[in-house]
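Comments concern the structure below.
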Amino acid sequence: PLPGPGYGGKTDRYTWVQTTNDVTVTFHVPAAIKSRDVVVDMKVDTVKVGVRGAEPLLNGRLHKRIKVGDDESTWTMSTLLVAAVATRAC
């Protein structure tokens with residue numbers, strides 16, 4: 001099952017869910033990975049997420065623009081999981 005309400009999907013690298021307000025992409029990472037090893041680069045029309053020194057888990061152009069900034073698009077990490085949350089620019 002997908003996390004939370006909304007529409008989304010799953011690939012071999014990540015799971016994503018979107019609502020009318022935001023998009024959340026969730027990645028599983030090895031237990032040895034620390035937050036300093038994670039690379040997240042969100043721009044208004046592109047996103048790149050991965051582990052430093054490895055091929056990105058996600059790297060591409062977005063279908064719709066997102067808001068970027070400290071309060072608009074963020075990422076968090078918990079045990080074995082990285083979640084990137086982007087606020088959609090309607």
Side-chain angles (χ1 to χ4, degrees):
L2 298 172
Y7 297 96
K10 184 174 184 176
T11 74
D12 60 331
R13 295 181 176 215
Y14 59 88
T15 302
W16 64 274
V17 175
Q18 71 178 8
T19 67
T20 55
N21 297 321
D22 58 43
V23 178
T24 302
V25 185
T26 307
F27 305 86
H28 291 279
V29 294
I33 299 299
K34 305 291 185 209
S35 61
R36 68 178 173 264
D37 301 321
V38 176
V39 177
V40 178
D41 184 20
M42 290 187 271
K43 297 190 166 116
V44 296
D45 59 357
T46 61
V47 64
K48 181 178 181 179
V49 179
V51 175
R52 194 173 313 283
E55 179 183 338
L57 298 167
L58 174 64
N59 185 15
R61 185 162 296 283
L62 298 168
H63 178 69
K64 298 274 187 171
R65 295 171 67 91
I66 61 171
K67 296 178 182 178
V68 293
D70 293 340
D71 297 332
E72 303 293 348
S73 296
T74 62
W75 69 276
T76 60
M77 182 173 176
S78 60
T79 306
L80 304 177
L81 203 63
V82 171
V85 180
T87 302
R88 295 174 65 168
C90 299

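These numbers come from the heavy atoms of this one structure, side chains and all, not from hydrogens, waters or symmetry mates.
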Start with the C-alpha distance between Val38 and Phe27, add both sets of side-chain angles, then the distance that settles side-chain contact (heavy atoms from CB on, under 4.5 Å), and finish with yes or no. CA-CA 11 Å; Val38 176; Phe27 305 86; over 6 Å; no
Is Asp45 salt-bridged to Arg61, cutoff N-O under 4.0 Å? yes
Under 3.5 Å, side chain of Arg52 to main-chain N/O of Arg36, donor-acceptor pair present? yes
Is there a side-chain contact between Arg88 and Val23 (heavy atoms, below 4.5 Å)? yes
Minimum-distance pair of heavy atoms, taken over all atoms of Pro56 and Arg13: O-NH1, 2.6 Å
Following the transitive rule for hydrophobic clusters with a side-chain heavy-atom cut-off under 4.5 Å over Ile, Leu, Val, Met, Phe, Trp and Tyr, establish whether Val85 and Trp75 coincide in one cluster. no
Do the non-hydrogen side-chain atoms of Val25 and Leu58 ever get within less than 4.5 Å of each other? yes
When you measure from the side chain of Thr87 to the backbone N and O of Glu72, does any donor-acceptor pair fall under 3.5 Å? yes
In the structure I gave you, are the side-chain heavy atoms of Leu57 and Tyr14 within less than 4.5 Å of one another anywhere? no
Any side-chain heavy-atom pair from Val40 and Lys48 closer than 4.5 angstrom? no
In short, Ala86 meets Met42 closest at the heavy-atom pair CB-SD, 4.2 Å
How far does CG of Asp41 sit from OG1 of Thr46, to the nearest 0.5 angstrom? 6.0 Å
State the CH2-OG1 distance between Trp16 and Thr26, to the nearest 0.5 angstrom. 12.0 Å
Donor-acceptor check, side chain of Ser73 to backbone of Lys67, threshold 3.5 angstrom: yes or no? yes
Mind checking the CG-NE2 spacing from Asp12 to His28? Nearest 0.5 Å is all I need. 12.0 Å
All heavy atoms of Met77 vs all of Val29, minimum pair found to be CE-CG2, 4.0 Å
Could you state whether Val39 and Val51 fall into the same hydrophobic cluster, counting links through intermediate Ile, Leu, Val, Met, Phe, Trp or Tyr residues with side-chain heavy atoms under 4.5 angstrom apart? no
Compare all side-chain heavy atoms of Leu62 with those of Lys64 and state whether any distance is below 4.5 angstrom. no
